[in-house]
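All values below come from the heavy atoms of this structure, side chains included, with hydrogens, waters and symmetry mates left out.
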Amino acid sequence: MQKTSLVILVTGIVALGMWGIGDYMAHQGEEYGDVTSGQSIAEQTCLRCHTKFEGDPLPDPNVTTAPALASFGQRWPLENLEEALAEGITVSHDNMTMPEFSFTPETIADLLSYMEQLTTEANQQTNQ
């Protein structure tokens, strides 16, 4: 009985460890995206229609409903965007279809790191 309990305990610990390692590897790099690269990606793609912060002048006057990038992190956990960015976001703003972009896991991590920085800045502005 004691030997069986020990085997079950050890098996559980090993399984938990393997799950932790698998989870870490699956999300490796996401928290470590490069903000500077993310800013460059945003400037080349997102900031043609979106603003950085609410109230900034719109880069394209024909697009009036594209939300500010900083607002995404204020509304939802940014990691919720990972899958949409990987698969391609299909959204329309002001009867204009959002262009299709191709992102790699690395560029997604970079872009989300930049968006996290914008969210932090927006929250700091709000709290002042």
Problem set entry | Stepwise side-chain contact (heavy atoms from CB on, under 4.5 Å) test for Leu81 and Leu111 | CA-CA 10 Å; Leu81 293 174; Leu111 182 58; over 6 Å; no

For this session: Check the pair Gln124, Thr120 against side-chain hydrogen bond (donor to acceptor under 3.5 Å, both in side chains), reporting the backbone distance first and the verdict last.
Result: CA-CA 6 Å; Gln124 289 171 348; Thr120 299; over 6 Å; no

For this session: Apply the test side-chain contact (heavy atoms from CB on, under 4.5 Å) to residues Gln74 and Asn123: give CA-CA distance (whole Å), side-chain angles for both, the deciding distance (0.1 Å), then the verdict.
Result: CA-CA 8 Å; Gln74 292 174 317; Asn123 289 339; 2.9 Å; yes

For this session: May I have the step-by-step check of side-chain contact (heavy atoms from CB on, under 4.5 Å) for Leu78 and Phe72, ending in yes or no?
Result: CA-CA 7 Å; Leu78 288 174; Phe72 284 90; 4.0 Å; yes

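Proximity of Leu58 to Val63: side-chain heavy atoms (C-beta onward) are nowhere separated by under 4.5 Å. Pro67 has its side chain within reach of Arg75: a pair of non-hydrogen atoms, C-beta onward, lies under 4.5 Å apart. Considering only heavy atoms from C-beta on, Lys52 comes within 4.5 Å of Gln39 through its side chain.
Within a 6.0 Å radius of CD in Glu43, other residues, nucleotides and ligands contribute more than 12 heavy atoms.
Residue Ser37 comes nearest to Asp110 through the heavy atom pair CB-OD2, 3.4 Å, listed as atom of the first residue, atom of the second, then distance. Contact record, Phe53 with Leu118: CE2-O, 3.3 Å, taken as the closest heavy-atom pair. Closest of all the heavy-atom pairs between Leu85 and Phe103 is O-CD1, 3.5 Å. Of all heavy-atom pairs between Thr51 and Pro59, the closest is CG2-CD, 3.8 Å. Scanning both residues, Tyr114 and Leu47, for their nearest heavy atoms gives OH-CD1, 4.4 Å. Across every non-hydrogen atom of Ala42 and Leu69, the tightest pair is CB-CD1, 4.1 Å.
The side-chain hydrogen bond (donor to acceptor under 3.5 Å, both in side chains) check on Glu116 picks up nothing, with sequence neighbours excluded. A search for side chain to side chain contact (heavy atoms under 4.5 Å, CB included) contacts involving Thr36 returns Asp34, not counting sequence neighbours.
Although no hydrogens or angles enter the test, the distance criterion places a donor-acceptor pair under 3.5 Å between the side chain of Thr45 and the main chain of Ile41.
Separation of atoms CD (Glu121) and CD (Gln117) is listed at 5.0 Å; rounding is to 0.5 Å.
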